[in-house]
Number of protein chains: 2
Amino acid sequence: MLQQIKTLCEQHNVKVTNARSSILEVLKNAGAPMNYEQIKEKMKMPMDKATFYRNIAKFESLGIVHKFESDDRKWYFELSSTTHAHFICETCHQITCMDVHLGEVAGEVKSIVLKGTCKECKA
Amino acid sequence: MLQQIKTLCEQHNVKVTNARSSILEVLKNAGAPMNYEQIKEKMKMPMDKATFYRNIAKFESLGIVHKFESDDRKWYFELSSTTHAHFICETCHQITCMDVHLGEVAGEVKSIVLKGTCKECKA
DNA sequence: TATCCTTTTGCGACTAAGTTGCATTAATTT
DNA sequence: AAATTAATGCAACTTAGTCGCAAAAGGATA
Ligand SMILES: [Mn+2]
Ligand SMILES: [Mn+2]
Ligand SMILES: [Zn+2]
Ligand SMILES: [Zn+2]
């Protein structure tokens, strides 16, 4: 298990269990947001979905993990970083992380999801 | 039935049925995006959800209606207008329509959903 | 080490928004 | 009128995520 992940849990006062480090390790190595099925596939150990979702909920509440919903009605997860947007192509379903700068907004923004057609699919 | 709605259907070559005008009439009078249950409550006639969703899907494909998902995992619908964003407060679950101006974006944007905490809940 | 207590996990049953198949009805076409 | 096509209602289905509960893990105390 990566020391980095152990530290991350300890900083947030979360016990480091196999299930938890397993989830975080996959997310650490992810190049893009992943859903439950995708994370499960990449995990070395088997894990029940109840365990997965309960731990994810904990990570979320602690601000370790961020989630949003794609157009397939599934939740996608990534390790928290600076607030950025996700562009979801309704044709090819690819998810792209991107920075946008919003103007005046009606509150504190935690998640930005744009849906539409990506440049490749448009062309 | 409103003449306006009849015209809307005819312009898109959609037969005007009771079910269809009933849905559109509710959306026409809506002050904010509404989900299936909310629309159903406001409708004069009873309507099966299969009929509702099939017609909504048709409206969407024709560009008459726009939908997005809130944090309650339900779809919210509104009559199409100029592209604008929806701010969803994760505390009070209120949905606010708003204009944002994005900078450079990776494709053609059709839907913008911001989630976070609204000013009232923040205070 | 033995006992107690709290937290985490796995399993299976459950929930609920939205979908689908199919038979019936309504509207068009010939 | 008969034939064809489109819209509707109903019930069964799908499926991402949730929940209750009992078993396991683990830490604290003695
Ligand atoms: Mn991202
Ligand atoms: Mn709106
Ligand atoms: Zn695309
Ligand atoms: Zn609020």
Side-chain angles (χ1 to χ4, degrees), chain A residues 1 5-6 9-10 12-26 33-41 43-62 64-77 88 90 93 95 111 113 115, chain B residues 1 5-6 8-10 12-26 33-41 43-62 64-77 88 90 93 95 113 115:
Chain A
M1 192 220 327
I5 281 167
K6 198 156 164 271
C9 287
E10 283 164 356
H12 289 88
N13 295 315
V14 164
K15 239 193 294 185
V16 192
T17 65
N18 285 339
R20 286 176 187 159
S21 58
S22 186
I23 295 169
L24 292 176
E25 220 163 315
V26 173
M34 297 171 80
N35 64 32
Y36 164 63
E37 280 297 332
Q38 294 169 331
I39 294 169
K40 185 189 170 86
E41 265 174 30
M43 282 193 309
K44 296 291 185 295
M45 62 180 288
M47 185 183 311
D48 187 74
K49 64 179 170 171
T51 303
F52 174 83
Y53 283 112
R54 279 189 286 236
N55 280 318
I56 279 283
K58 171 147 285 199
F59 292 150
E60 259 202 285
S61 73
L62 295 170
I64 297 176
V65 162
H66 170 75
K67 82 153 187 259
F68 61 90
E69 218 167 285
S70 184
D71 61 341
D72 55 7
R73 287 187 79 71
K74 290 175 189 166
W75 287 348
Y76 283 73
F77 308 97
I88 297 163
E90 288 166 342
H93 308 287
I95 299 172
S111 156
V113 176
K115 288 179 186 167
Chain B
M1 194 222 324
I5 282 166
K6 199 157 164 274
L8 190 61
C9 288
E10 282 162 357
H12 289 87
N13 295 317
V14 161
K15 241 193 292 185
V16 192
T17 65
N18 285 339
R20 286 175 187 163
S21 58
S22 185
I23 295 169
L24 293 176
E25 220 163 314
V26 172
M34 297 170 79
N35 63 33
Y36 164 64
E37 280 296 331
Q38 294 170 330
I39 293 169
K40 185 189 172 86
E41 266 175 29
M43 281 195 308
K44 296 292 184 295
M45 63 180 289
M47 185 184 309
D48 188 75
K49 65 180 172 172
T51 303
F52 173 84
Y53 283 112
R54 280 189 284 236
N55 280 318
I56 280 282
K58 172 144 284 200
F59 292 150
E60 259 202 285
S61 72
L62 294 169
I64 297 176
V65 162
H66 170 75
K67 82 155 185 259
F68 61 91
E69 218 168 284
S70 184
D71 59 342
D72 55 7
R73 287 188 80 72
K74 290 175 189 167
W75 287 349
Y76 282 74
F77 308 96
I88 296 163
E90 287 166 342
H93 307 288
I95 299 173
V113 176
K115 288 179 186 167

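In what follows, every chain begins at residue 1, and chains take the letters A, B, ... in the order their sequences are listed.
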What is the distance, to the nearest angstrom, from the [atom1] atom on [X] to the [atom2] atom on [N]?
{"X": "A:Arg73", "N": "D:dA16", "atom1": "CZ", "atom2": "C1'", "value": "9 Å"}
{"X": "B:Asp72", "N": "D:dA16", "atom1": "CG", "atom2": "C1'", "value": "15 Å"}
{"X": "B:Asn13", "N": "D:dA6", "atom1": "CG", "atom2": "P", "value": "13 Å"}
{"X": "A:Phe52", "N": "D:dT15", "atom1": "CZ", "atom2": "P", "value": "19 Å"}
{"X": "B:Tyr53", "N": "D:dC13", "atom1": "OH", "atom2": "C1'", "value": "15 Å"}
{"X": "A:Ile56", "N": "D:dA16", "atom1": "CD1", "atom2": "P", "value": "16 Å"}

Query raised in the report: Do A:Lys58 and A:Arg20 pass the side chain to side chain contact (heavy atoms under 4.5 Å, CB included) test, and can you show the C-alpha distance, the side-chain angles, and the key distance before you say yes or no?
Result: CA-CA 10 Å; A:Lys58 171 147 285 199; A:Arg20 286 176 187 159; 4.1 Å; yes
Query - Verdict with supporting geometry, A:Tyr53 and A:Trp75, side chain to side chain contact (heavy atoms under 4.5 Å, CB included) - result: CA-CA 10 Å; A:Tyr53 283 112; A:Trp75 287 348; 4.2 Å; yes
Counterpart residues, side-chain contact (heavy atoms from CB on, under 4.5 Å), relative to [X] (two or more places apart):
{"X": "A:Ser70", "value": "A:Asp72, A:Tyr76, A:Ile88, A:Ile95"}
{"X": "A:Glu41", "value": "none"}
{"X": "A:Ala50", "value": "A:Asp48, A:Arg54"}

Query - Donor-acceptor contact below 3.5 Å, side chain B:Glu25 vs main chain B:Ser22 - result: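 Answer holds: no.
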Query raised in the report: Sequence neighbours excluded, which residues qualify as side chain to side chain donor-acceptor pair (under 3.5 Å) partners of B:His93?
Result: B:Asp71
Requested in this report: Given side chain to side chain contact (heavy atoms under 4.5 Å, CB included), test A:Lys49 with A:Tyr36 step by step and report yes or no.
Outcome: CA-CA 8 Å; A:Lys49 64 179 170 171; A:Tyr36 164 63; 3.3 Å; yes
Report task. Give the first and the last nucleotide of DNA chain C, reading 5' to 3', that has any atom under 4.0 Å from a heavy atom of chain A. Result ->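 Contact span on the strand: C:dT7 to C:dG18.
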Scan nucleotides 7-11 of chain D against the protein and return all N/O pairs shorter than 3.5 Å with their distances rounded to 0.1 Å.
unit_1: D:dA7; atom_1: OP1; unit_2: B:Arg20; atom_2: NH1; d: 3.1
unit_1: D:dA7; atom_1: OP1; unit_2: B:Arg20; atom_2: NH2; d: 2.9
unit_1: D:dT8; atom_1: OP1; unit_2: B:Thr17; atom_2: OG1; d: 2.6
unit_1: D:dT8; atom_1: OP2; unit_2: B:Asn55; atom_2: OD1; d: 3.4
unit_1: D:dT8; atom_1: OP2; unit_2: B:Asn55; atom_2: ND2; d: 2.9
unit_1: D:dG9; atom_1: OP2; unit_2: B:Thr51; atom_2: OG1; d: 2.9
unit_1: D:dG9; atom_1: N7; unit_2: B:Arg54; atom_2: NH2; d: 3.2
unit_1: D:dG9; atom_1: O6; unit_2: B:Arg54; atom_2: NH2; d: 2.8

